[in-house]
Amino acid sequence: MSAGPDAAGGQPGQAPGAPTSPGAPAAPRTPARGLLVAGAAEVATLAGGLRRGAAQADVALAPAGTAVACHDGRIVAVGPEGEAGDALAAALVAAGADPRAFDRLDATGATVTPGLVDPHTHLLFAGSREDEVGARARGATYLEILAAGGGILATVRATRAAPDDVLLAHGRRWLARMLRHGTTTVEAKSGYGLDATTELRLLAVAGRLAAEGPVDVVPTFLGAHAVPAEVRDAHRGDPAAAVEAYVEAVIDEQLPAVAGQGIARSCDVFCESGVFSAGQARRILRAARVLGLDVRLHADELAPSGGAELAAELGALSADHLGAPSPAGIAALAASAAAGRPVVAVLLPTVPWFLGLDAREPARELIAAGVPVALGTDFNPGTSPVASLPLVMAAAVVRLGLDPAEALAATTVNAAAALGLRDRGALEPGLRADLVLWDVPTHAQIPYWAGADLVRSAVIRGRVVAGA
Ligand code: NIG
Ligand code: FE
């Protein structure tokens, strides 16, 4: 990063003339410096809101020479460098700052996009489960491992035993890795506590990570991720009663505590044959909504389970996975979109890949049906120990037939919509100044160099937080 046209000798981040001596009288808050991102080979703005159908492939490319001006955490202008610079100077003056107090971030040769939004992760857990990869290679299935007390339940044991500082350090480490791959907002589910105390603890850790930044963290309550061992044991011989008892605990104990503390934006349920039925998911999500939470669900990840249908019925923000939705489920999502109440289909294509399954999410069918599509990592220790959204984009392009432009819309504007966030996911004046400079000349190469680390710089709220 080079200094602006005239940095006036100030320290980075400090306005010219700001007091420096310890004895100086308290000054008004130091006005934030501006940032002008200029010289890019390509700027994909994704402006214009949620994408679906043919529009899913529209990344709203800006004309050559477009710059992005940022001030006080927001984008103030997207346009020719001279005009964007003038708008930035005006914003600085309006804030009482020197109009030249901005940095120029040189994007020569780079592609500039909005910061990526990962709308589905299980960020917070302890331990790892590489042993299950071998077990699956020897023929065990994911749900068999869970039914035998492994899988999610193995991670629950490790997570309950982990102190907060261990979970915090884990969260920081993986958020930093996600940022290096271009992710600036991360949804983080609880779900490895399965009791009120640990679920609340996980959400509190997510909240602390959000407060720390720079990556924004959006917490989701997923108490209904599996039935914990102690509830199974209490109803030994009657698994159906165990599930019912746990559903009641989620509704009567966990949800009110979570909503009471205001530490989750939305509620999720693992709606899957053999885990929680659509009827049980409906009860939990309705209760969540009454308490003011948005709703989303793990829908038809492994088998058609009525999840897509339920997401449409409830007007959920998103229906996630959709590895095996029924035709009726896809039709229900299409009808919701056509009626102006789109449920975002959040596809997680590294899951069947990592599980060694042939299943492929019906991305083309969903797009043809007018359903908005987003992509996420599903970062978790069981089905997707994958932190890189560009790798997920590659999987979507190679395995699901998405166009690179569709994949970019799926990890920016549509992913933000899946989280109910309208303040990010595109480069438009007024939105958060979260953006990425990629070391490639066009967005079409982001999913092409699969697995490469292409991020030159990442900017969050107008501050360069990765790269230079
Ligand atoms: O999204 N399916 C449920 N939850 C995760 C996996 C969790 C785990 O195996 O630890 C998923 O695939
Ligand atoms: Fe998941």
Side-chain angles (χ1 to χ4, degrees), residues 118-133 135-136 140-160 162 170 174 186-194 198-199 202 206 218-229 266-277 280-281 284 295-303 305 307 311 316-325 344-357 359 361 374-387 389 392 395 415 418-419:
D118 193 339
H120 184 135
T121 86
H122 304 253
L123 177 69
L124 296 172
F125 55 85
S128 61
R129 308 218 305 268
E130 61 278 9
D131 53 322
E132 291 175 13
V133 180
R136 277 195 298 275
T141 69
Y142 176 76
L143 288 179
E144 283 167 4
I145 293 169
L146 174 61
I152 293 171
L153 295 179
T155 302
V156 168
R157 288 190 289 276
T159 305
R160 285 179 177 177
H170 161 94
W174 283 101
V186 173
E187 186 251 16
K189 302 175 193 302
S190 65
Y192 292 116
L194 308 186
T198 319
E199 287 294 310
L202 289 168
V218 181
T220 295
F221 169 60
L222 177 59
H225 195 193
V227 178
S266 58
C267 179
D268 193 346
V269 174
F270 186 10
C271 177
E272 188 73 34
S273 308
V275 190
F276 296 99
S277 69
Q280 289 161 336
I284 294 168
V295 302
R296 60 182 68 255
L297 61 158
H298 281 67
D300 313 319
E301 175 174 352
L302 302 161
S305 310
L317 277 178
S318 65
D320 299 36
H321 284 282
L322 301 175
V344 180
V346 176
L347 307 184
L348 309 160
T350 51
V351 171
W353 168 74
F354 188 74
L355 293 179
L357 303 173
E361 298 84 351
L375 293 167
T377 61
D378 198 17
F379 176 71
N380 77 77
T383 65
S384 183
V386 172
L389 271 176
V392 169
L419 296 179

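Order of listing sets the numbers, starting from 1, for every ligand and every atom in it. Treat the numbers as computed from the prediction; the structure is a model and nothing was measured.
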Any side-chain to backbone donor/acceptor pair from D300 onto G307? Under 3.5 Å, distance only. yes
Output yes when a side-chain donor or acceptor of H170 lies under 3.5 Å from a complementary backbone atom of L123, and no otherwise. yes
Quick one: the NE2 of H120, the Fe ion (ligand 2), NE2 of H298 angle, rounded to 10°, please. 90°
Just to check, does [X] reach to within less than 4.0 Å of ligand 1 when the distance is taken from its heavy atoms?
X    : value
H225 : yes
T155 : no
I152 : yes

Considering only heavy atoms of [X], which atoms of ligand 1 have at least one such atom less than 4.0 Å away?
X    : result
R129 : 8 (C), 9 (O), 10 (O)
Y192 : 7 (C), 8 (C), 10 (O)
H321 : 1 (O), 11 (C), 12 (O)

Grab the two heavy atoms, one from [X] and one from [Y], that are nearest each other, plus how far apart they are.
X    : Y    : value
A162 : A126 : CB-CB, 3.8 Å
A226 : L194 : O-CD1, 3.5 Å
T220 : E187 : OG1-OE2, 2.6 Å

Would you call the rings of [X] and [Y] parallel, tilted or perpendicular, taking 30° and 60° as the class edges?
X    : Y    : result
H122 : Y192 : tilted
H298 : H120 : perpendicular
W174 : F379 : tilted

Give the single entry among H122, H120, E301 that approaches atom 2 (N) of ligand 1 most closely by any heavy atom. E301
Looking only at protein heavy atoms, identify the closest one to atom 6 (C) of ligand 1 and say how far it is in Å. Y142 OH, 3.2 Å
Protein heavy-atom partner closest to atom 11 (C) of ligand 1 - residue, atom, separation in Å: D378 OD2, 3.1 Å
Atom of D378 closest to the Fe ion (ligand 2), considering N, O or S atoms: OD1
